[in-house]
Number of protein chains: 4
Amino acid sequence: MEPKQKNGKHEQIMSAAIRVFAEKGYFQSTIAQIARAAGVADGTIYLYFKNKEDIMAQFVNQQSKKFFDTFTSMFEGKQSAIERLKALIRLHFQVSQEDRYVALVYQVEMRRSDRLMKEDIKDALRMYHDLVGQIVEEGQQEGAIRHDVQIGLVKRMIFATVDEVITSWVMAGGKYDLEPLAEPLANLLLQGIQATPTA
Amino acid sequence: MEPKQKNGKHEQIMSAAIRVFAEKGYFQSTIAQIARAAGVADGTIYLYFKNKEDIMAQFVNQQSKKFFDTFTSMFEGKQSAIERLKALIRLHFQVSQEDRYVALVYQVEMRRSDRLMKEDIKDALRMYHDLVGQIVEEGQQEGAIRHDVQIGLVKRMIFATVDEVITSWVMAGGKYDLEPLAEPLANLLLQGIQATPTA
Amino acid sequence: MEPKQKNGKHEQIMSAAIRVFAEKGYFQSTIAQIARAAGVADGTIYLYFKNKEDIMAQFVNQQSKKFFDTFTSMFEGKQSAIERLKALIRLHFQVSQEDRYVALVYQVEMRRSDRLMKEDIKDALRMYHDLVGQIVEEGQQEGAIRHDVQIGLVKRMIFATVDEVITSWVMAGGKYDLEPLAEPLANLLLQGIQATPTA
Amino acid sequence: MEPKQKNGKHEQIMSAAIRVFAEKGYFQSTIAQIARAAGVADGTIYLYFKNKEDIMAQFVNQQSKKFFDTFTSMFEGKQSAIERLKALIRLHFQVSQEDRYVALVYQVEMRRSDRLMKEDIKDALRMYHDLVGQIVEEGQQEGAIRHDVQIGLVKRMIFATVDEVITSWVMAGGKYDLEPLAEPLANLLLQGIQATPTA
DNA sequence: CATGAATGAGTATTCATTCAT
DNA sequence: CATGAATGAATACTCATTCAT
């Protein structure tokens with residue numbers, strides 16, 4: 001039924017690549033290392049990927065699609081903006097927790113490639129931003145979010161903070177549990193840190 | 001009179017390198033490109049830097065020192081924590097605004113090297129984190145910052161958001177003005193985004 | 001059928017390298033020259049040798065093994081010490097005569113590397129010395145060799161003289177025949193040059 | 001009175017060079033290393049030597065001249081051939097013993113340069129050979145040396161053995177005393193090793 | 001489909017030599 | 001004479017990519 005390949009060579013190579021990228025960094029990784037990690041010959045990689053860059057591109061595409069599909073199917077028009085925001089953060093944490101290699105590449109390696117790689121990669125980040133932006137706007141319409149904040153800054157704050165928390169976790173070796181941080185982080189982002197709620 | 005170098009070759013090379021790193025990315029930059037950009041011969045670079053990595057390392061060291069010196073001299077024990085936090089953000093914005101190449105390398109290229117480069121680089125980031133952490137703690141003591149927030153998350157939120165705002169600006173080509181964002185960003189971080197100050 | 005390499009690339013490269021080493025000297029030889037001489041690409045060399053030094057090391061190992069195997073199989077416990085010594089010299093001459101490049105590298109280039117290269121190379125020379133030493137000792141036991149000579153000096157004299165004769169021949173361009181010198185040389189070494197056998 | 005230079009810069013550089021050549025090998029030695037060892041600037045070397053190779057060439061010339069002058073002045077037409085041969089060996093040993101660096105370069109480094117360097121160097125070796133040849137011929141005329149030996153082989157045997165003994169000593173670090181070996185070595189070369197003086 | 005040997009362009013780094021001071 | 005900063009040609013080695021088997 002799989003229209004792509006009989007055996008999971010494609011998946012096999014990609015996941016090996018992600019592991020290698022995670023360990024060495026994208027530019028430091030060699031095709032030979034990926035091939036060995038995947039248990040295939042160097043040349044075989046070129047049967048499934050146009051070139052080294054394409055491995056990263058396909059990974060980002062696939063990963064993004066999966067993420068947004070999950071998110072969409074989970075929350076399509078159901079909850080309040082605040083609830084959806086919390087859910088988004090929680091999903092992001094869950095996904096990262098599930099596969100640290102994926103998270104590492106997604107959080108760290110992918111970033112550096114922004115300006116250097118194809119548009120595909122930028123798109124994934126843009127979609128995330130847009131999603132957050134959408135939620136915030138809806139939140140404002142629902143009256144749950146203040147109107148005197150710059151939406152651009154809010155988007156960035158949320159995106160960056162979630163991102164950073166995951167990256168810290170990834171870089172620390174994934175030693176602690178990520179998901180329990182979702183709730184307090186969401187609250188923090190929403191409520192701010194000041195003692196006296198602005199007059 | 002300059003006891004270090006007769007002419008500014010060291011500075012000349014470093015700033016050329018930063019420009020090249022900013023444009024191509026660290027790993028994509030070649031010594032030949034840097035040399036050409038600096039108007040010196042390839043070999044000359046090795047009179048001032050141990051190797052390619054050392055260029056980045058020296059840059060980070062110098063930049064960090066400059067940043068922290070400025071910050072320290074500006075605010076030594078003077079203001080409230082909240083004021084100091086705003087000042088830190090403003091300084092960060094100013095510095096970035098002054099030299100987009102520096103900001104680009106500092107924000108983007110340096111990051112990717114975390115796991116790959118010498119400890120020097122990690123140290124700079126750690127110092128920033130610690131500084132933010134310190135300010136937040138003082139803020140709590142001063143009663144200006146709530147006590148029911150996880151200090152680790154707060155640090156990350158502030159660091160990440162400032163970082164992200166600068167990075168966005170850098171990646172966008174530095175087209176708009178950064179400094180005016182300092183005030184609203186500080187407020188946003190402090191006050192949160194929710195309409196109804198937490199019950 | 002050859003289990004080692006499909007085609008003789010390994011041999012092809014090594015023998016080209018020896019030719020180049022012989023002509024230019026080890027340190028003056030470049031990988032590019034060797035590659036061209038072998039009719040392969042530069043990179044191909046690194047599929048068969050770890051690095052430039054490894055080419056020399058593998059050559060010395062192979063050559064030594066071949067030499068000692070031949071010697072051992074020829075003379076295992078058969079003849080008198082004097083006969084074995086003559087045979088050793090003759091073999092050394094034969095081998096050199098067969099391939100002047102090999103001899104040149106073995107006699108000249110290898111030497112200079114003594115202090116500079118891996119132990120492998122020293123070992124080969126040591127084995128030769130030991131072999132000569134062994135033969136001389138047996139010769140003394142058999143009563144064919146005087147006991148009032150310092151065995152260390154004898155070893156050195158034999159080794160050095162054979163070596164020098166070959167080296168001269170090599171450096172002269174291999175123009176004359178080496179093997180006919182084996183008999184008179186052996187006699188000379190054994191009998192000395194003085195007219196009146198020491199009183 | 002010294003027509004060459006006021007201070008001994010020339011000598012200073014040359015002896016530093018020999019030390020460095022002895023330690024690293026000629027091709028592995030750099031001008032910078034020699035300059036540092038001599039306590040002068042890199043450029044200064046080029047005031048006294050045409051280039052790197054010229055340092056070696058001048059060294060060999062000077063050393064050879066010194067050696068032959070000493071030898072000539074010591075033995076001009078005085079002794080028997082046998083005595084002169086012994087004296088030559090003794091002188092060679094003495095000179096080596098006096099300065100191990102000189103010996104090391106002369107014995108080892110110089111050799112490798114044979115085919116690679118200027119004729120000057122070959123000349124020095126040729127002179128030594130000729131000297132030995134001369135002595136042997138005179139010895140034959142005096143009736144002290146057999147006539148049934150090939151003079152070429154005898155020359156080589158003597159040259160090579162003395163050379164080898166010194167080289168061994170040099171490579172061993174000059175730990176033992178060389179001069180006491182002169183007498184037994186001369187005897188060995190002259191008398192051979194066979195127990196029963198060939199019938 | 002799969003292989004992995006072969007390729008050769010690409011690159012960091014070294015170092016003999018020059019020359020302005 | 002002396003310096004040492006500057007040069008840039010030279011070179012070992014790497015690695016993405018191809019293609020004959």
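Letters A, B, ... mirror the listed sequences (proteins, then strands); counts begin at 1.
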Closest listed nucleotide, where the reference is the side chain of [X] and the choices are [options]:
X       : options              : answer
C:Leu47 : E:dC1, E:dC15, E:dT7 : E:dT7
D:Thr30 : F:dT3, E:dC15, E:dT7 : E:dC15
C:Ala41 : F:dA5, E:dG8, F:dC1  : E:dG8

Rounded to whole Å, please give me the gap between [atom1] in [X] and [atom2] in [N].
X       : N      : atom1 : atom2 : value
B:Lys24 : E:dG10 : NZ    : C1'   : 14 Å
A:Gln33 : F:dC15 : CD    : P     : 7 Å
B:Asp54 : E:dA12 : CG    : C1'   : 14 Å
C:Ile34 : F:dC13 : CD1   : P     : 10 Å
B:Phe49 : E:dT14 : CZ    : P     : 15 Å
C:Phe27 : E:dC15 : CZ    : C1'   : 15 Å
B:Phe21 : E:dA12 : CZ    : C1'   : 12 Å
A:Tyr26 : F:dC15 : OH    : C1'   : 13 Å

Most 5' of B:Ser29 and C:Gly39 on DNA chain E, judged by nearest nucleotide: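 Looking at the nearest nucleotide for each, C:Gly39 comes out on the 5' side.
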Between C:Ser29 (side chain only) and C:Gly25 (backbone N and O only), is there a donor and an acceptor less than 3.5 Å apart?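 At least one qualifying donor-acceptor pair exists.
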Backbone of D:Val170 reached by a side-chain donor or acceptor of D:Arg100 within 3.5 Å: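 Answer holds: yes.
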With A:Lys52 as the cation and A:Tyr26 as the aromatic partner, state whether NZ or CZ is under 6.0 Å from the six-membered ring centre and within 45° of the axis.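 Cation-pi check for A:Lys52 and A:Tyr26: passes.
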Just verifying a value: how many Å separate B:Asp54 CG and B:Phe59 CZ, rounded to the nearest 0.5 Å?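 Rounded to the nearest 0.5 Å, the CG-CZ separation comes to 13.5 Å.
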Compare every heavy atom of C:Ile31 with every heavy atom of C:Ile45, then report the nearest pair and how far apart it is.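 Smallest interatomic distance, heavy atoms only, reads CD1-O, 3.7 Å.
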At their closest point, which heavy atom of D:Phe21 faces which heavy atom of D:Met56, and how far apart are they?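 Distance-wise, the nearest heavy atoms are CD1-CE, 4.2 Å.
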Has D:Lys9 got a side-chain N or O lying under 4.0 Å from the OP1 or OP2 atom of F:dA2?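 Yes, within the criterion.
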Using the ring of each side chain (for Trp, its six-membered ring), is A:Phe27 parallel, tilted or perpendicular to B:Phe27, with breaks at 30° and 60°?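 It falls in the tilted class, 30° to 60°.
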In the strands shown, is F:dG8 matched to any nucleotide by a Watson-Crick or G-U wobble pair with both distances under 3.5 Å, and which?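 Result: E:dC15.
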Could you please name the partner base of E:dA20, counting Watson-Crick and G-U wobble pairs only when both distances are under 3.5 Å?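 By the stated definition (distances under 3.5 Å), F:dT3 pairs with E:dA20.
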Might you list the N or O atoms of the protein lying below 3.5 Å from N or O atoms in nucleotides 17-21 of chain F, with each pair's distance?
| residue | atom | partner | partner atom | Å |
| --- | --- | --- | --- | --- |
| F:dT17 | OP2 | A:Tyr46 | OH | 3.0 |
| F:dT17 | OP2 | A:Lys52 | N | 3.2 |

